[in-house]
Amino acid sequence: MGLKIRLARAGAKKRPYYHIVVADSRSPRDGRFIEKLGSYNPMLPADHAERIRLHDERIAHWLSQGALATDRVAKFLGKAGLAPMPEFREQPKQSAPKKKAQERAAAAAANG
């Protein structure tokens, strides 16, 4: 049985609230879980103390049992110092001008 520490959505429409849970990797996102390990409220400001709440001892227990955290939860755990900070590669900028447009802009800047 593969264990995941992941987010389970709760809250109303357009008012997200997430529980941080440990669950079997085969169970649905909002379905059956083993234990609730904390909560995440994205509606609160980033510096608010209640935005992310974690039960440190239980998270450490489940990590020692082999549970793997999802990307978002791994970032939370890394910031809290409960696990090493995950390495994220730089995301491509899809909205950036393409190659020819960048060349035209560079040529226009060089001409004055």
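Just so you know, residue 1 is the first one in the sequence shown, and it goes up from there.
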**Q** Nearest 0.5 Å, please: how far is CD in Glu50 from CG in Asn41?
**A**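 If I round to the nearest 0.5 Å, the distance is 9.0 Å.
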
**Q** What closest approach, in Å, do Pro42 and Tyr17 show between heavy atoms, and which atom pair accounts for it?
**A** CD-CA, 4.4 Å

**Q** How close do Ala69 and Leu77 get, counting heavy atoms only, and between which atoms?
**A**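 Distance-wise, the nearest heavy atoms are CB-CD1, 4.1 Å.
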
**Q** Could you grab the distance from atom CE of Met43 to atom NZ of Lys14, nearest 0.5 Å is fine?
**A** 11.0 Å

**Q** Taking side-chain contact (heavy atoms from CB on, under 4.5 Å) as the criterion, tell me which of Val21, Leu68, Leu37 meets it with Ile5.
**A**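 Exactly one option meets the side-chain contact (heavy atoms from CB on, under 4.5 Å) with Ile5, and it is Leu37.
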
**Q** Taking all non-hydrogen atoms of both residues, which atom of Lys4 and which atom of Ser25 are closest, and how far apart?
**A**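 Closest pair (atom of Lys4, atom of Ser25, distance): CG-CB, 3.7 Å.
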
**Q** Looking at side-chain heavy atoms only, is the closest gap between Arg9 and His19 below 4.5 Å?
**A** no

**Q** So which atom in Pro86 and which in Ala74 form the shortest heavy-atom distance, rounded to 0.1 Å?
**A**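 It is CD-O, 3.5 Å.
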
**Q** Going from CZ on Arg58 to CG on Leu82, what distance comes out if it is rounded to the nearest 0.5 angstrom?
**A**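 Going from the CZ atom of Arg58 to the CG atom of Leu82 covers 13.5 Å.
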
**Q** Can you tell me how far apart CD (Gln65) and CG (Leu3) are? Round to the nearest 0.5 Å.
**A**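 The distance works out to 8.5 Å.
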
**Q** Is the side chain of Thr70 donor-acceptor paired with the backbone N or O of Arg6 at a distance under 3.5 Å, no angle test?
**A** no

**Q** What distance separates Lys36 NZ from Ile20 CD1, expressed to the nearest 0.5 Å?
**A** 11.5 Å

**Q** Atom NZ of residue position Lys100 - does it have more than 12 heavy atoms of other residues, nucleotides or ligands inside 6.0 Å?
**A**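 No - once you tally the heavy atoms of other residues, nucleotides and ligands closer than 6.0 Å, there are 12 at most.
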
**Q** Specify whether Phe76 and Tyr40 have parallel, tilted or perpendicular ring planes, treating 30° as the upper limit for parallel and 60° as the lower limit for perpendicular.
**A** tilted

**Q** Do Glu57 and His61 touch side chain to side chain, with heavy atoms closer than 4.5 Å?
**A** no

**Q** Using only atom types and a distance under 3.5 Å, with no angle test, would you say the side chain of Gln102 pairs donor to acceptor with the backbone of Pro97?
**A**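 The answer is yes, because a donor-acceptor pair under 3.5 Å joins these two groups.
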
**Q** Which value, rounded to the nearest 0.5 Å, describes the distance between Ile52 atom CD1 and Lys79 atom NZ?
**A**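 Going from CD1 on Ile52 over to NZ on Lys79, the span is 6.5 Å.
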
